[in-house]
Amino acid sequence: MATGTEPHLNSGGVHTPTRAAISASHLRTDRWWLAPAATAAGLLAFIIYSTWRAFSNADYYAAPYVSPFYSPCLAENCEPMRNGPNWEIFGSWWGLSPAILILIFPLGFRLTCYYYRKAYYRGFWASPPACAVAEPHRKYTGETRFPLILQNIHRYFFYAAVPVAGILTYDTVLTFRDENYEWGHMGLGTLVFLVNIVLIWAYTVSCHSCRHIVGGKLKHFSKHPVRYRMWQWVGKLNARHMLLAWASLVSVALADFYVYLLASGVFDDPRLF
């Protein structure tokens, strides 16, 4: 039995007098490190790619497709998009990439997302690295101190993410035009954008904040049958929130990359009809 006087019990973290006197950091024999390593690699790849594309300020529009990283475009230095989301709110004084102005909202939504918190807490900070594996930190304060206390603004990023998803839906509708802006056409890019917007909406609606907005603060579901039914639908999506988080992350990167290939002249958009 632990006496509290053994040397390893005074090193902090899990080795304290209130924890079991086990010298090993964990007793798992499986490859527990694969999951956090894969998570860190996937998130790091997206961070590198999105940073490059956000600051490149080039090859983000190939009629009728606009990269989801650059929509809506809020500065005068945007490429003109016919009938597209060109809102010159910031005027000519903004000289950096216009993507920086809009990406803060969807990225902030994902950064504070409950699933992504778990992902990068484990993948990058090892807090903890896996189930039944002790974290290396001496102290644990959770999200009660700066900067992690800012995670509580997730619900407000949700309010911002909804109109952004609406604008991307509008962009998807515009993909049913050809390069001459004639309606009634469909290219391979249209399918890419359709898949992307479906996954973005599924991820957004499956958010825990959305589930609370739809069915929270109700004492009697029987008195609110519509909200109860909506809460059930959101709950089913919420059970797949992790899968939707990754699928939508990949799809938005692929949609941007597809536009990049078209805009840089790598190939022409295959026409379906």
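- A donor-acceptor contact closer than 3.5 angstrom links the side chains of Glu143 and Tyr121.
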Candidate pair Tyr203 and His241, rule ring-ring contact (aromatic ring centres under 6.0 Å, His included), full reasoning
CA-CA 6 Å; Tyr203 166 67; His241 195 50; 5.0 Å; yes

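- When the SG-SG distance for Cys113 and Cys207 is compared with the 2.5 Å cut-off, it comes out at or above that value.
- Counting only distance, with no hydrogens or angles, the side chain of Arg110 and the backbone of Pro106 share no donor-acceptor pair below 3.5 Å.
- Within the model, atoms CG of Leu174 and CZ of Phe193 stand 10.0 Å from one another, a figure rounded to the nearest 0.5 Å.
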Taking it one step at a time, do Leu191 and Leu272 satisfy side-chain contact (heavy atoms from CB on, under 4.5 Å)?
CA-CA 10 Å; Leu191 294 179; Leu272 302 181; 3.6 Å; yes

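- Side-chain atoms of Arg240 and Ser206, non-hydrogen and from C-beta on, never get closer than 4.5 Å to each other.
- The shortest distance between side-chain heavy atoms of Tyr181 and Asn83 does not fall below 4.5 Å.
- Linking ILVMFWY side-chain heavy atoms closer than 4.5 Å, directly or via other members, places Val192 and Val266 in a single hydrophobic cluster.
- No side-chain heavy atom of Phe69 sits less than 4.5 Å from a side-chain heavy atom of Val259.
- Residues Trp33 and Arg31 meet the side-chain proximity criterion, which asks for heavy atoms closer than 4.5 Å.
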For a side-chain contact (heavy atoms from CB on, under 4.5 Å) check, start with the C-alpha distance between Leu194 and Met186, then their side-chain angles and the critical distance, and finish with the verdict.
CA-CA 11 Å; Leu194 282 172; Met186 183 176 182; 4.2 Å; yes

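- The number of heavy-atom neighbours closer than 6.0 Å to CZ of Arg271, taken from other residues, nucleotides and ligands shown, is above 12.
- Here the closest heavy-atom approach between residue Ser248 and residue Ala245 is recorded as OG-O, 3.2 Å.
- Expressed to the nearest 0.5 Å, how far CZ of Arg227 lies from NZ of Lys217 amounts to 10.0 Å.
- At a threshold of 4.5 Å between non-hydrogen side-chain atoms, the residues Ile167 and Trp87 count as touching.
- Using modelled atom types, no side-chain atom of Arg155 and backbone atom of His208 make a donor-acceptor pair closer than 3.5 Å.
- Within a 6.0 Å radius of CG in Leu44, more than 12 heavy atoms belonging to other residues, nucleotides or ligands are found.
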Derivation of the side-chain contact (heavy atoms from CB on, under 4.5 Å) call for Tyr228 and Leu218:
CA-CA 9 Å; Tyr228 177 59; Leu218 293 181; over 6 Å; no

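- Taking all atoms of both residues into account, the shortest heavy-atom contact from Arg177 to Pro64 is O-CG, 3.1 Å.
- Taken from CG in Asn57 to CD1 in Ile100, the straight-line distance is 8.5 Å, to the nearest 0.5 Å.
- Aromatic pair Tyr156/Phe105: centroids not less than 6.0 angstrom apart.
- Under the 4.5 Å side-chain heavy-atom criterion for grouping Ile, Leu, Val, Met, Phe, Trp and Tyr, Leu243 is not connected to Trp201 through any hydrophobic cluster.
- Looking only at distances, a side-chain donor or acceptor of Arg28 sits under 3.5 Å from a matching main-chain atom of Cys131.
- In the hydrophobic clustering of ILVMFWY residues, with side-chain heavy atoms under 4.5 Å counting as a link, Tyr116 and Phe124 come out together.
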Check the pair Thr39 / Trp246 against side-chain contact (heavy atoms from CB on, under 4.5 Å), numbers first and verdict last.
CA-CA 10 Å; Thr39 297; Trp246 279 106; 4.0 Å; yes

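- Tyr65 and Asp269 are linked by a side-chain donor-acceptor pair at a separation below 3.5 angstrom, with hydrogens and angles left out of the test.
- A distance-only check finds a donor-acceptor pair linking the side chain of Tyr60 to the backbone of Glu79 [under 3.5 Å].
- Within the 4.5 Å cutoff, the side chain of Val205 has heavy atoms near those of the Cys210 side chain.
- Among all heavy-atom pairs drawn from Tyr70 and Ala99, the shortest one is CE2-CB, 3.5 Å.
- Ring centroids of Phe109 and His154 are separated by less than 6.0 Å, placing the two rings close together.
- The closest donor-acceptor contact from the side chain of Asp178 to the backbone of Asn180 lies under 3.5 Å.
- Looking at every heavy atom in both residues, Asn196 comes nearest to Ser251 through OD1-OG, 2.8 Å.
- Contact of the Val250 side chain with the Phe46 side chain is not registered, since no non-hydrogen atoms from C-beta on lie closer than 4.5 Å.
- Here the CH2 atom belonging to Trp94 is positioned 14.0 Å from the CD atom belonging to Glu76, to the nearest 0.5 angstrom.
- No close placement of the Phe176 and Trp183 rings is indicated, their centers lying 6.0 Å or farther apart.
- Of the possible donor and acceptor atoms, none in the side chain of Asn77 sits under 3.5 Å from a partner among the backbone N and O of Pro98.
- Ile149 and Leu111 sit in two unconnected hydrophobic clusters of ILVMFWY residues. Membership requires side-chain heavy atoms under 4.5 Å apart, directly or through other members.
- Considering all non-hydrogen atoms of both residues, Leu237 and Leu244 come closest at O-CD1, 3.9 Å.
- Heavy atoms only, all atoms of each residue included: Leu249 and Val252 are closest at O-CG1, 3.2 Å.
- Other residues, nucleotides and ligands contribute only 12 or fewer heavy atoms inside 6.0 Å of the OH atom of Tyr260.
- Thr172 places a side-chain N or O within donor-acceptor distance of the main-chain N or O of Leu168, the cut-off being under 3.5 Å.
- Judged purely by atom type and a 3.5 angstrom limit, Arg122 has no side-chain atom pairing as donor or acceptor with the backbone of Ala130.
- Connectivity analysis of hydrophobic side chains (ILVMFWY, heavy atoms under 4.5 Å, direct or indirect) links Tyr114 to nothing; its cluster partners are none.
- Taken to the nearest 0.5 Å, the CZ atom of Phe257 stands 9.0 Å off from the CZ atom of Arg53.
- Linking ILVMFWY residues whenever their side-chain heavy atoms come closer than 4.5 Å, directly or via other members, places Tyr49 and Tyr258 in the same cluster.
- Here Ser97 contributes atom OG and Ile102 contributes atom CD1; the two are 12.0 Å apart, rounded to the nearest 0.5 Å.
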